[in-house]
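In what follows, a single structure is set out as structure tokens and then discussed.
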Amino acid sequence: MAVDLLLGLQWGDEGKGKIVDVLTKNYDIIARFQGGPNAGHTLEFDGIKHVLHTIPSGIFHKNAMNVVGNGVVIDPVIFRKELDALKQFNLDIKSKLVISRKAHLILPTHRLLDAASETAKGKAKIGSTLKGIGPTYMDKTGRNGMRIGDLELDDWKEKYRALADKHEAMIDYYNVDIEYDLAELENEFFASVEELKNLDFIDSEEYLYQAQKSGKKILAEGAQGSLLDIDFGTYPFVTSSNTTAAGACTGLGVAPNQIGEVLGIFKAYTTRVGSGPFPTELFDDDGETMGRVGNEFGATTGRPRRCGWLDLIALKYAVQVNGVTELMMMKADVLSGFETLKICTAYNYKGQKITHLPYNIEAENVTPIYSEMKGWKEDLTKMSKPEEFPSALQDYIDFLEKELEVPIKIVSVGPDRTQTIHR
Ligand code: GDP
Ligand code: IMO
Ligand code: MG
């Protein structure tokens, strides 16, 4: 059985959580492969909204196993809060959630280092979620990190101490004003680690290999989006992991020839939270409307998301880099009521018309060139089949499918599980 991937194709928050929840009934295992609690994946059903950060979005389904893979970075403190929030739903978490021994740990000092680094950058800050993601991946690639498997060793606290002491010296180096009480943070951290230890730590690559061999269906759940990829995103305004398809191979130990469908998810418009270039960003009433109707506030930080028209150049790039085989268009309902819709189909790049994503998409180099399409007025949120779509929405979908050369298999018309239209 091949492993399918579900990946965000923009700057994150495309609606991955919702769709993973919708698709879980077709899978035996949902596995996160990168990122950490910088992610905020929202699921909505039975009138309740859930936000998950590290726990895979299959957790509410009775029969699905959920794996936190080796490529993920875990903050025990946030993980414990997630577990606490799930307690009231009687999910028997221990039997449905396992963690890779090779996943790295976010220490309290990683979070402090993130804050120190961002403060030191001033105006040039990345707009990090301040969850310690960058510093943790730095320690991973620098070969200094601590892993979940270390927690099974007797001397893990010594290892912890040495690393935390080093981090404190690094925080001093930044010479910025950051107030913290490390003793308090450590108490919370150690207590959370004990809680985490109630879950099973596994050799997840072996687990997934055996599962696959015995015919189990696996869906890898991406976090962030392709334009936040450490290699292919809008560097340096990116996250610190590979959010693209290849990240699922290294983040789970799945061989490239075992990848099946690559499900790419995008919003019918574009959003971005944090700093960095965003060619189709709107600063007018249209952008304000998208933000208001789409309720565009970060699920992790609560920050307002920047909004703009769909950027087909960036989307094509993401489809290409990931080898997307099926598309899912989210939040179509948010575009109801716009007289005219714009889609960026080329860039004016230093005076030249181009149709690929160049090295630098800062506003001084790139201005979007738009195609215009007729909007629709109809409320989509109660629709249940594609036959009900207004013709202007159908035209919008047809146009995108033709340009992207990949079918749009799902159109989402609201945050609830049920507001999902299969084509
Ligand atoms: P993720 O990080 O990709 O899982 O996405 P987020 O959960 O951060 O952000 C997506 C937001 O849009 C959440 O608040 C969802 O509840 C909401 N959402 C998802 N799909 C739709 C949709 O089709 N229409 C509307 N209006 N909201 C949606
Ligand atoms: P999900 O999985 C949207 C952004 C941050 C910042 C940059 C780096 O919910 O789609 P980091 O904390 O990783 O150092 O931040 O990446 N970012 C996200 N934006 N959705 C996310 O996750 C994000 N995770 C990180 O805003 O610009
Ligand atoms: Mg999110």
Side-chain angles (χ1 to χ4, degrees), residues 6-22 32 34-45 48-54 56-57 72-73 75 106 110-111 113-115 117-118 125-138 221-230 233-241 243 265-278 290-306 328-336 379-381 383 410-421:
L6 182 124
L7 308 169
L9 300 181
Q10 295 163 317
W11 278 289
D13 303 330
E14 296 87 354
K16 299 175 290 293
K18 167 179 166 164
I19 290 298
V20 170
D21 172 58
V22 166
R32 273 280 302 271
Q34 46 68 236
N38 48 350
H41 293 182
T42 314
L43 290 67
E44 227 177 287
F45 53 86
I48 306 177
K49 179 170 150 176
H50 308 271
V51 180
L52 298 169
H53 300 286
T54 327
S57 300
V72 176
V73 290
D75 183 336
I106 302 176
H110 281 131
R111 263 185 282 142
L113 274 170
D114 212 357
S117 163
E118 284 283 80
K125 72 175 182 185
I126 306 298
S128 156
T129 60
L130 301 178
K131 303 297 175 195
I133 304 297
T136 304
Y137 279 113
M138 279 164 71
E221 173 180 2
Q224 290 79 55
S226 298
L227 300 173
L228 289 169
D229 183 277
I230 183 73
T234 47
Y235 193 89
F237 301 101
V238 293
T239 191
S240 297
S241 63
T243 60
I265 174 165
F266 67 100
K267 277 179 192 166
Y269 49 101
T270 311
T271 64
R272 171 163 209 173
V273 62
S275 327
F278 178 179
M290 287 171 191
R292 183 171 34 79
V293 178
N295 193 23
E296 295 295 356
F297 294 93
T300 294
T301 58
R303 292 177 294 178
R305 297 178 183 139
R306 302 151 65 191
M328 289 156 190
M329 184 170 88
M330 309 301 287
K331 301 192 105 163
D333 54 300
V334 176
L335 292 186
S336 291
D379 174 9
L380 310 179
T381 57
M383 295 186 177
I410 285 180
V411 177
S412 175
V413 294
D416 193 86
R417 222 185 229 177
T418 56
Q419 293 171 303
T420 310
I421 302 181

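Every number for a ligand or one of its atoms is a count from 1 in the order of the listing. As the structure is a computational prediction, the values presented were derived from the model and not from experiment.
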*Does the Glu221 side chain pair with the main chain of Val20, one donor and one acceptor, at a distance under 3.5 Å?*
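No.
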
*Is a side-chain N or O of Arg305 found less than 3.5 angstrom from the main chain of Phe297, in a donor-acceptor match?*
yes

List the closest protein heavy-atom neighbour of [atom]: residue, atom name, distance to the nearest 0.1 Å.
atom                    : answer
atom 11 (C) of ligand 1 : Lys331 NZ, 3.7 Å
atom 13 (O) of ligand 2 : Thr239 OG1, 2.6 Å
atom 6 (P) of ligand 1  : Gly40 O, 3.5 Å
atom 15 (C) of ligand 1 : Thr42 CB, 4.0 Å
atom 18 (C) of ligand 2 : Leu228 CD1, 3.6 Å
atom 23 (C) of ligand 2 : Gln224 CG, 3.6 Å
atom 24 (N) of ligand 1 : Asp333 OD1, 2.8 Å

*At under 4.0 Å between heavy atoms, which part of Asp13 makes contact with ligand 1: side chain, backbone, both or neither?*
both

*When you look for heavy atoms under 4.0 Å from ligand 1, do you find them on the side chain of Thr381, its backbone, both, or neither?*
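It is neither; nothing of Thr381 touches ligand 1.
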
Close side-chain approach of [X] to [Y], heavy-atom, < 4.5 Å:
X      : Y      : answer
Met330 : Ile19  : yes
Arg111 : Asp75  : yes
Thr300 : Lys131 : yes

Which one holds for [X] and ligand 2: side chain close, backbone close, both close, or neither close, with close meaning a heavy atom under 4.0 Å?
X      : result
Lys131 : neither
Val273 : both
Val238 : backbone
Phe237 : neither

*Quick one: salt bridge (Lys or Arg N to Asp or Glu O under 4.0 Å) partners of Arg303, sequence neighbours excluded?*
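Salt bridge (Lys or Arg N to Asp or Glu O under 4.0 Å) check on Arg303 returns nothing, list empty.
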
*Between Val73 and Tyr137, is a side-chain contact (heavy atoms from CB on, under 4.5 Å) present by the stated rule, with each step listed?*
CA-CA 8 Å; Val73 290; Tyr137 279 113; 3.6 Å; yes

Return yes when [X] approaches ligand 2 closer than 4.0 angstrom through a heavy atom, no otherwise.
X      : answer
Gly225 : no
Arg272 : no
Arg303 : yes
Gly40  : yes

[X] N/O under 3.5 Å from ligand 1 N/O:
X      : value
Ala299 : no
Gly414 : yes
Gly17  : yes
Glu14  : yes
Gly15  : yes
Arg305 : yes

For [X], is at least one N or O under 3.5 Å away from an N or O on ligand 2?
X      : answer
His41  : yes
Asn38  : yes
Thr129 : yes

*List in chain and number order the residues that pass side chain to side chain donor-acceptor pair (under 3.5 Å) with Thr42, two or more places apart in sequence or in another chain; answer none if no residue qualifies.*
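Applying side chain to side chain donor-acceptor pair (under 3.5 Å) to Thr42 gives none.
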
*Where ligand 1 meets Met330 - atom numbers and elements under 4.0 angstrom, heavy-atom basis*: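 Those atoms are 20 (N).
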
*Ligand-side contact atoms (ligand 1) for residue partner Ser412, heavy atom cut-off under 4.0 Å*: 20 (N), 21 (C), 22 (C), 23 (O)

*Of all the N, O or S atoms in Asp13, which one sits nearest to the Mg ion (ligand 3)?*
OD1

*asked:* Restricting to non-hydrogen atoms, name the atom on Pro37 and the atom on Ile106 that form the minimum distance, rounded to 0.1 Å.
replied: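 That would be CD-CD1, 3.6 Å.
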
_Straight-line distance of Leu227 CG to Arg272 CZ, nearest 0.5 Å_ = 7.5 Å

*For Gln10 and Gln224, run side-chain contact (heavy atoms from CB on, under 4.5 Å): C-alpha distance rounded to whole Å, both residues' side-chain angles, the deciding distance at 0.1 Å, then the answer.*
CA-CA 8 Å; Gln10 295 163 317; Gln224 290 79 55; over 6 Å; no

*Option set Gly36, Gly12, Ser128, criterion heavy-atom distance to atom 11 (P) of ligand 2, minimum*: Ser128

*Answer yes or no for Arg306 and Phe278: cation-pi contact, defined as NZ/CZ to six-membered ring centre under 6.0 Å and angle to ring axis within 45°.*
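No, Arg306 does not lie over the aromatic ring of Phe278.
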
*Leu6, Leu9, Ile410 screened by side-chain contact (heavy atoms from CB on, under 4.5 Å) with Ile265, the one that passes*: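 For Ile265, the side-chain contact (heavy atoms from CB on, under 4.5 Å) check succeeds only for Leu6.
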
*Go through the steps for Lys18 and Ser412 under the test side chain to side chain donor-acceptor pair (under 3.5 Å), then give the verdict.*
CA-CA 9 Å; Lys18 167 179 166 164; Ser412 175; 2.9 Å; yes

*Would Gly12 count as a contact for the Mg ion (ligand 3), in the sense that one of its N, O or S atoms lies under 2.8 Å from it?*
no

